[in-house]
Number of protein chains: 2
Amino acid sequence: MTVSERGPRERMVFSAAQLIRRDGVGATGLRDVVAHAGAPRGSLGHYFPGGKEQLVNEAVGWAGRYAGDRVARFLEEMREPTPSGLFAAMVRQWTDEFRGDGFASGCPVAAATVDCTSSAESTRAAVADAFACWSRPVSRALSAMGVPEARAASLATLMISTLEGAILIARSEQDSRALTTVVRELAPLLDGARTRDG
Amino acid sequence: MTVSERGPRERMVFSAAQLIRRDGVGATGLRDVVAHAGAPRGSLGHYFPGGKEQLVNEAVGWAGRYAGDRVARFLEEMREPTPSGLFAAMVRQWTDEFRGDGFASGCPVAAATVDCTSSAESTRAAVADAFACWSRPVSRALSAMGVPEARAASLATLMISTLEGAILIARSEQDSRALTTVVRELAPLLDGARTRDG
DNA sequence: GCACTATTATGACAGCTGTCATAGAAAGCC
DNA sequence: GGCTTTCTATGACAGCTGTCATAATAGTGC
């Protein structure tokens with residue numbers, strides 16, 4: 001999760017995502033992003049002629065792709081994949097992170113939703129895209145596990161909704177209780193949706 | 001939901017909540033709040049010597065109490081209360097609101113979580129309080145419906161988590177799909193938790 | 001009438017915001 | 001070499017932020 005040897009442009013997008021998920025979009029200044037990325041300030045206008053809005057949109061897109069790609073990883077690490085196991089893995093990523101950083105950072109997509117939905121139409125669309133990039137692999141994975149196509153998409157929405165909300169509660173309480181609770185309560189429902197073995 | 005004839009102080013708290021849930025905490029200026037409330041600007045420092053942070057905290061507290069009080073209302077309006085019926089009522093409030101304002105406003109408590117958790121400790125505590133004020137009556141209602149005490153609190157957390165997350169997705173998609181989906185998928189789980197009639 | 005408090009008015013303050021214009025450096029290419 | 005494109009540096013800009021000091025006003029009790 002450290003700043004890699006990628007180009008300055010990519011580093012700025014990555015840093016933006018990190019700062020946004022900690023402080024929100026409004027409180028994240030472009031000068032902060034540049035400093036965090038160790039990038040030249042003069043490059044900002046060069047790489048992001050669309051200004052802050054473009055940078056935020058790319059950070060949101062990056063986060064959505066990241067979350068979607070993680071799903072494949074989770075599946076690989078599971079001997080016999082189950083819906084509840086996938087959800088547990090998705091949640092565990094957050095409990096691990098919270099244990100590491102003391103509940104300092106939440107989800108950048110959620111932050112952009114709260115801060116930009118009603119003021120920046122392009123960001124609103126970027127957020128919707130990010131949720132779709134995240135939801136799609138989850139839905140596919142559920143299908144592969146034996147959940148009927150029709151319900152797979154619904155359960156993916158349920159899983160992501162619940163996770164996002166539990167992240168909010170956990171951060172406010174500075175306690176992962178909400179996360180462990182929802183994974184426990186949702187497990188039987190998720191596994192019960194399978195009509196055949198994956 | 002219009003500005004009532006209450007005192008300026010109360011109007012400012014209320015206006016702050018409305019603006020925060022639309023634009024986020026960072027993008028909500030104190031001058032905007034004053035203007036929206038039709039309140040005298042000079043009164044800001046008088047009523048809120050703790051500055052913006054105090055105003056935000058009170059707005060969050062107000063929202064939490066509001067959400068908690070609504071639970072009793074929902075129960076009154078139901079002939080025979082069920083867990084799924086309560087959840088449906090909580091969600092319906094949001095689908096109704098979205099239909100009215102075009103997905104312009106989300107939850108002020110979620111906004112404060114995203115924007116202030118890692119920067120303002122007092123606001124973080126106010127948010128946690130708000131979630132507790134909201135969760136408690138839900139949990140009590142579930143108990144009264146026959147859900148065992150131990151699970152009632154967990155299910156309340158699940159309901160609020162899921163609702164908060166679905167609000168985020170719905171706003172980004174400008175579509176209530178996520179909300180109607182989660183209420184449909186969660187219904188059997190909620191009702192199945194009852195071990196006796198309420 | 002007075003005295004006291006609660007409320008409001010006004011203006012100024014330093015600090016930060018995103019944006020842009022201009023200039024310069026670097027790197028690749030012919 | 002020279003030329004072109006990509007990238008970086010620097011500083012300035014107007015606009016807004018939350019906060020505060022000061023003063024005037026209104027209300028209330030006596």
Side-chain angles (χ1 to χ4, degrees), chain A residues 3-20 22-60 108 111-112 114-116 118-123 126, chain B residues 3-20 22-60 108 111-112 114-116 118-123 126:
Chain A
V3 174
S4 68
E5 298 79 17
R6 312 273 183 180
R9 206 203 121 100
E10 196 169 343
R11 290 206 313 272
M12 285 192 267
V13 172
F14 179 80
S15 290
Q18 279 206 294
L19 296 180
I20 286 171
R22 192 185 62 189
D23 299 320
V25 175
T28 297
L30 294 183
R31 288 164 177 83
D32 301 333
V33 174
V34 164
H36 183 274
R41 211 195 92 190
S43 305
L44 245 176
H46 180 68
Y47 288 119
F48 306 97
K52 184 177 185 178
E53 191 168 327
Q54 180 184 357
L55 178 59
V56 171
N57 295 355
E58 298 205 20
V60 167
V114 160
D115 286 336
C116 309
S118 58
S119 59
E121 163 62 21
S122 75
T123 304
Chain B
V3 174
S4 68
E5 299 78 18
R6 313 273 182 178
R9 207 203 121 100
E10 197 169 343
R11 290 208 312 274
M12 285 192 267
V13 172
F14 179 80
S15 290
Q18 279 206 292
L19 295 180
I20 286 170
R22 190 186 63 189
D23 298 320
V25 174
T28 296
L30 295 184
R31 287 163 178 83
D32 301 333
V33 174
V34 163
H36 184 274
R41 210 194 89 187
S43 304
L44 246 176
H46 180 67
Y47 289 119
F48 306 97
K52 184 178 185 178
E53 191 167 327
Q54 180 184 357
L55 178 60
V56 171
N57 294 355
E58 298 205 20
V60 168
V114 160
D115 287 336
C116 308
S118 58
S119 59
E121 163 62 20
S122 74
T123 304

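Residue numbering restarts at 1 for every chain, and letters A, B, ... go by the order of the sequence lines. None of these values were measured; they are calculated from a predicted model.
Scanning both residues, B:Y47 and B:R9, for their nearest heavy atoms gives O-NH1, 3.0 Å. The minimum heavy-atom distance linking B:T28 with B:K52 is given by the pair O-NZ, 3.0 Å. Of all the heavy atoms in A:T123 and A:A112, the pair that sits closest is CG2-CB, 4.2 Å. Taking each heavy atom of A:V60 and A:A126 in turn, the nearest pair found is CG1-O, 3.6 Å. Here the closest non-hydrogen pair linking A:P40 and A:P8 is CD-CB, 4.2 Å. Contact detail for B:S118 and A:R22: the closest heavy-atom pair is OG-O, 2.6 Å.
Rounding to the nearest 0.5 Å gives a distance of 5.0 Å between CE of A:M12 and CZ of A:F48. How far CD of A:Q18 is from CZ of A:R11: 13.0 Å, rounded to the nearest 0.5 Å. If you take CG on A:L19 and CG on A:L30, they are separated by 10.5 Å, rounding to the nearest 0.5 Å. Separating the CG atom in A:D115 from the CD1 atom in A:I20 is a distance of 8.5 Å, to the nearest 0.5 Å.
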Between the protein and nucleotides 19-29 of chain C, list the N/O to N/O atom pairs that are separated by less than 3.5 angstrom.
residue : atom : partner : partner atom : Å
C:dT19  : OP2  : A:K52   : N            : 3.0

Between N or O atoms, less than 3.5 Å apart, protein on one side and nucleotides 3-7 of chain D on the other: list the pairs.
residue : atom : partner : partner atom : Å
D:dC7   : OP2  : A:H46   : NE2          : 3.0

Protein-nucleotides 23-27 of chain D N/O pairs under 3.5 Å:
none

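Summarising the geometry, the separation between CD on A:Q54 and P on C:dG18 is reported as 15 Å, rounded to the nearest angstrom. The interatomic distance linking A:L19 (CG) with C:dT17 (P) rounds to 12 Å, in whole Å. Whole-Å rounding puts the B:D32 CG to D:dG15 P distance at 17 Å. Summarising the geometry, the separation between CZ on B:F48 and P on C:dT7 is reported as 12 Å, rounded to the nearest angstrom.
Using a 4.0 Å heavy-atom distance criterion, A:G29 is classed as a sugar-phosphate-only contact.
Between the A:R41 side chain and the A:R31 main chain, no donor and acceptor come within less than 3.5 Å of each other.
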